[in-house]
Amino acid sequence: MTMTATRQSKVSHPLFARIYPKINAVAEAHGAIEHRQELLAEATGLVVEIGAGTGANFCHYPPRADRVIAVEPEPRLRAQAERAAADARVHVEVRAGRAEALPVPDSSADAVVASLVLCTIADVPKALAEAARVLKPGGRLFFYEHIRSANPRFARKQRIVNLVWPLLGGGCNLTRDSEQAIRDAGFTIERARHFDFVIKGRATPSAPCVIGTARKPASPASTPAAGADAGG
């Protein structure tokens with residue numbers, strides 16, 4: 001068993017860490033709770049959650065998720081996640097670390113969860129290669145992400161707003177095609193539900209979303225090399 005050992009720069013978003021719980025509370029009041037429940041409904045066994053944030057998913061894991069290893073690099077968010085772990089229905093262990101270098105052994109996880117996090121990761125291909133590394137052959141990636149709109153006019157609006165959005169949103173990007181990135185990483189998309197997350201009748205620049213499931217090939221040789229430097 002090996003774990004990727006890569007020296008990473010520290011992640012620090014103090015302002016975002018303070019305001020995100022309020023943003024999440026508004027989102028959950030308008031449907032995000034149901035989205036999280038949909039995301040996690042089939043999670044089983046050992047689950048690795050990347051970029052766990054404040055731990056908003058923890059209370060929605062079903063009992064058949066035997067154990068959750070939640071990885072979060074931002075120290076203030078991680079402290080909130082540790083408090084949330086104490087109230088979870090399943091056993092949750094919060095670890096410091098980044099998605100590009102998960103502190104988890106090879107082929108040890110039954111599932112990986114990516115929840116509103118691929119938009120913020122500096123090196124998405126490397127993070128998804130890490131997800132493939134820690135998954136058992138045939139393991140599943142559960143994802144819930146906001147994505148680049150398929151509507152050209154809305155996508156143009158996202159590109160314009162994205163000039164400042166990452167500065168305000170803890171590195172969040174509006175223009176990523178996370179679903180295609182998952183395919184490019186060697187996963188097979190099994191289910192993907194696309195929708196616009198509209199709050200109080202308004203579609204924010206992050207409204208286009210997808211919730212889905214992807215599977216790592218059963219043959220380990222079919223997955224990308226663990227920890228490969230994919231650039232970006």
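Since this is a predicted model, take the numbers as computed values, not measurements.
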Just so I know, are the side chains of V94 and F58 near enough to count as touching, which here means a heavy-atom distance under 4.5 Å?
yes
Of all pairs that satisfy salt bridge (Lys or Arg N to Asp or Glu O under 4.0 Å), the ones with a partner from residues 54-70, not counting sequence neighbours
R67-E93
Exactly one of D196, L174, N151 should register a side chain to side chain contact (heavy atoms under 4.5 Å, CB included) with P208. Which one does?
D196
Side chain of R78, backbone of G53: donor and acceptor closer than 3.5 Å?
no
For residues F143 and V210, determine if any side-chain heavy atom of one lies less than 4.5 Å from a side-chain heavy atom of the other.
yes
At their closest point, which heavy atom of P62 faces which heavy atom of V90, and how far apart are they?
O-CG1, 3.5 Å
Step by step, work out the side chain to side chain contact (heavy atoms under 4.5 Å, CB included) result for S149 and Q158.
CA-CA 8 Å; S149 176; Q158 288 178 309; 3.5 Å; yes
Residue that, paired with I182, satisfies side chain to side chain contact (heavy atoms under 4.5 Å, CB included) out of T188, D177, L141
L141
Out of curiosity, D123 CG to E100 CD, how far, rounded to the nearest 0.5 Å?
5.5 Å
State plainly whether one hydrophobic cluster holds both W165 and I147, where clusters connect Ile, Leu, Val, Met, Phe, Trp and Tyr through side-chain heavy atoms under 4.5 angstrom apart.
no
Between P105 and S108 the two heavy atoms that sit nearest each other are O-OG, 2.8 Å
A side-chain contact here means heavy atoms from C-beta on lying under 4.5 Å apart; do R148 and R176 qualify?
no
Would H146 and C172 satisfy side chain to side chain contact (heavy atoms under 4.5 Å, CB included), going step by step from the backbone distance to the final call?
CA-CA 10 Å; H146 67 77; C172 175; 3.1 Å; yes
Connected via hydrophobic side-chain network under 4.5 Å: V161 and F197
no
So does R140 pair up with E42, basic N to acidic O under 4.0 Å?
yes
Interatomic distance, CD@E74 vs OG1@T120, rounded to 0.5 Å, equals 11.0 Å
Can V26 and I199 be said to form a side chain to side chain contact (heavy atoms under 4.5 Å, CB included), step by step?
CA-CA 8 Å; V26 172; I199 296 178; 4.2 Å; yes
Cationic N near anionic O, under 4.0 Å, R183 to E179
yes
Between atom CZ of R83 and atom OG1 of T54, what is the distance when rounded to the nearest 0.5 Å?
9.5 Å
Taking the side chain as everything from C-beta on, heavy atoms only, tell me whether N173 gets closer than 4.5 Å to N162.
yes
Under the side chain to side chain contact (heavy atoms under 4.5 Å, CB included) rule, what do R156 and R153 come out as? Steps first, then yes or no, please.
CA-CA 5 Å; R156 182 175 181 272; R153 290 184 62 184; 5.8 Å; no
In the structure I gave you, are the side-chain heavy atoms of R36 and L116 within less than 4.5 Å of one another anywhere?
yes
What distance separates F187 CZ from R215 CZ, expressed to the nearest 0.5 Å?
11.5 Å
Minimum heavy-atom separation for A111 and F142, please, with both atom names.
CB-CE1, 3.6 Å
Is any side-chain heavy atom of V117 closer than 4.5 Å to one of E145?
yes
Whether K216 side chain and A132 backbone form a donor-acceptor pair below 3.5 Å
yes
From I160 atom CD1 to T175 atom OG1, the distance as rounded to the nearest 0.5 Å
12.0 Å
Hey, does E82 have a side-chain heavy atom less than 4.5 Å from the side chain of Q80?
no
C59 side chain reached by D87 side chain, heavy atoms, under 4.5 Å:
no
In short, E130 meets A99 closest at the heavy-atom pair CB-O, 3.4 Å
Please find the pair of heavy atoms, one from A192 and one from I189, that lie closest to each other, and give the distance.
CB-CG2, 4.1 Å
Using a distance-only test with no angle check, is there a side-chain donor-acceptor pair under 3.5 angstrom linking N57 and S115?
yes
CZ-CD distance between R98 and E72, expressed to the nearest 0.5 angstrom:
10.5 Å
Is it true that Y144 and E38 share a donor-acceptor pair across their side chains at a distance under 3.5 Å?
no
Applying the side-chain hydrogen bond (donor to acceptor under 3.5 Å, both in side chains) criterion to Y61, which one of Q37, E49, R89, H91 satisfies it?
E49
For the rings on H35 and F195, is their centre-to-centre separation under 6.0 Å?
yes
Correct closest heavy-atom pair for A185 and L128 would be CB-CB, 3.6 Å
